[in-house]
Amino acid sequence: MAKYDWIALENEYILGDYKSIREFLKEKGISRGKSTTDKTKDWNDKKQSKVIQKSSKIAEKVIEKESEKEANEIVNINSIADELAKKVLESIEELNKHIAKKTNKSKIVEYDYKTNKPKKEVIEEIEEILDYESVIDRKGLNLLAGALKDINDIKNTNSSKGNEEKAISDIQNLMVKIKEVSNADTD
C-alpha cells in the first residue's frame with residue numbers, strides 16, 4: 001500500500017471545493033478501502049464545521065460594516081444638528097438687533113450757458129447702514145425655541161435604524177425655520 005500524507009490530504013479536502021470524499025479520493029488516485037475509510041471518517045464533519053465557521057465570520061463582517069455605516073450616519077446627523085444649534089444660538093444674540101439703511105443722493109450739474117446744455121452731471125450717493133437695539137422680536141424668539149426643540153428631537157431619535165431619512169428631513173425643515181427667523185429679523 002502506498003504511503004500518503006493524510007494530514008496534508010485532510011487539509012486539502014477541508015479547504016478545497018470538493019463535494020465529497022469519494023470525489024476527492026478519485027481525483028487524487030487513492031483507492032477506497034478499509035484503511036482509507038478509517039483515515040477519512042471525520043473529514044466531512046470537519047469540512048462542515050469549516051463552512052459554518054466561515055458563514056459566521058462573513059455574517060460578523062457584514063454586521064460590522066452595516067453598524068459602521070449607521071454609526072457614521074448618526075455622527076453626521078449629530079454634527080449637522082450641532083451646527084444648526086450654533087446658528088440658532090447666534091440668532092438668539094441678534095433677536096433685539098435691527099438694521100436700518102439710510103441713503104442720501106445728491107446731484108451736481110455743471111451747466112454750459114453757451115450751449116444751454118448741462119456740461120457735466122455727477123450723482124453722488126452715500127449709503128449708511130445703522131444697527132440699533134430694540135425690544136426682542138417675539139415671533140423670532142418663538143421660531144428659535146421651536147428650532148431648538150426640533151434639534152433636540154432630531155438628536156434623540158436618530159439613533160434607531162430607519163430614522164436617518166426622518167432626521168435628514170427634520171434638519172431640512174429646521175433650516176427653513178432658521179431662514180424664516182433670519183428673514184423676520186430683517187423685516
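Between Ile108 atom CD1 and Ile123 atom CD1 the span is 10.5 Å, to the nearest 0.5 Å. In this structure, Leu9 CG and Ile14 CD1 are separated by 11.0 Å, a value rounded to the nearest 0.5 Å. One distance of note links OH of Tyr18 with CG of Leu25; it measures 10.5 Å at 0.5 Å rounding. Rounded to the nearest 0.5 angstrom, Lys26 NZ and Ile21 CD1 are separated by 15.5 Å.
Residue-environment remark: CD1 (Ile7) stays at or below the threshold of 12 foreign heavy atoms within 6.0 Å. Counting heavy-atom neighbours within 6.0 Å of Lys50 NZ, excluding the residue itself, gives a total above 12.
In summary, Glu121 and Lys107 engage in a salt bridge, as defined by a charged side-chain N under 4.0 Å from a carboxylate O. By the 4.0 Å N-to-carboxylate-O rule, Lys101 lies too far from Glu128 to be salt-bridged with it.
Side chains of Asn76 and Ser79: a donor-acceptor N/O pair is absent below 3.5 angstrom, by distance only.
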Residues 37-44 side chain polar contacts: donor-acceptor under 3.5 Å, at least two apart:
{"unit_1": "Thr37", "atom_1": "OG1", "unit_2": "Gly33", "atom_2": "O", "d": "2.8"}
{"unit_1": "Asp38", "atom_1": "OD1", "unit_2": "Lys34", "atom_2": "NZ", "d": "3.3"}
{"unit_1": "Thr40", "atom_1": "OG1", "unit_2": "Thr36", "atom_2": "O", "d": "2.9"}
{"unit_1": "Trp43", "atom_1": "NE1", "unit_2": "Lys39", "atom_2": "O", "d": "3.3"}
{"unit_1": "Asn44", "atom_1": "OD1", "unit_2": "Tyr13", "atom_2": "OH", "d": "2.6"}

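In this structure, Ile99 and Leu130 have side chains that are not in contact, with every pair of non-hydrogen atoms separated by 4.5 Å or more. Side chains of Phe24 and Ile30 form no contact here, defined as non-hydrogen atoms less than 4.5 Å apart.
A donor-acceptor contact shorter than 3.5 Å links the side chain of Ser67 to the backbone of Ile63. The closest donor-acceptor contact from the side chain of Lys47 to the backbone of Gly16 lies under 3.5 Å. Listed for the Tyr111 side chain is a donor-acceptor partner under 3.5 Å among the backbone atoms of Asn116.
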> What do the steps show when you test Glu125 against Asn104 for side-chain contact (heavy atoms from CB on, under 4.5 Å), and what is the final call?
Replying inline: CA-CA 6 Å; Glu125 187 174 322; Asn104 289 329; over 6 Å; no
>> As a quick check of understanding, evaluate side-chain contact (heavy atoms from CB on, under 4.5 Å) for Lys105 and Glu124, giving each step before the final call.
In response: CA-CA 6 Å; Lys105 287 185 181 182; Glu124 188 176 289; over 6 Å; no
>> Run Glu127 and Thr103 through side-chain contact (heavy atoms from CB on, under 4.5 Å) and show every step you take.
In response: CA-CA 4 Å; Glu127 186 174 275; Thr103 305; 4.0 Å; yes
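Partners of Glu12 by side-chain hydrogen bond (donor to acceptor under 3.5 Å, both in side chains), not counting sequence neighbours, listed by chain and number: Lys28.
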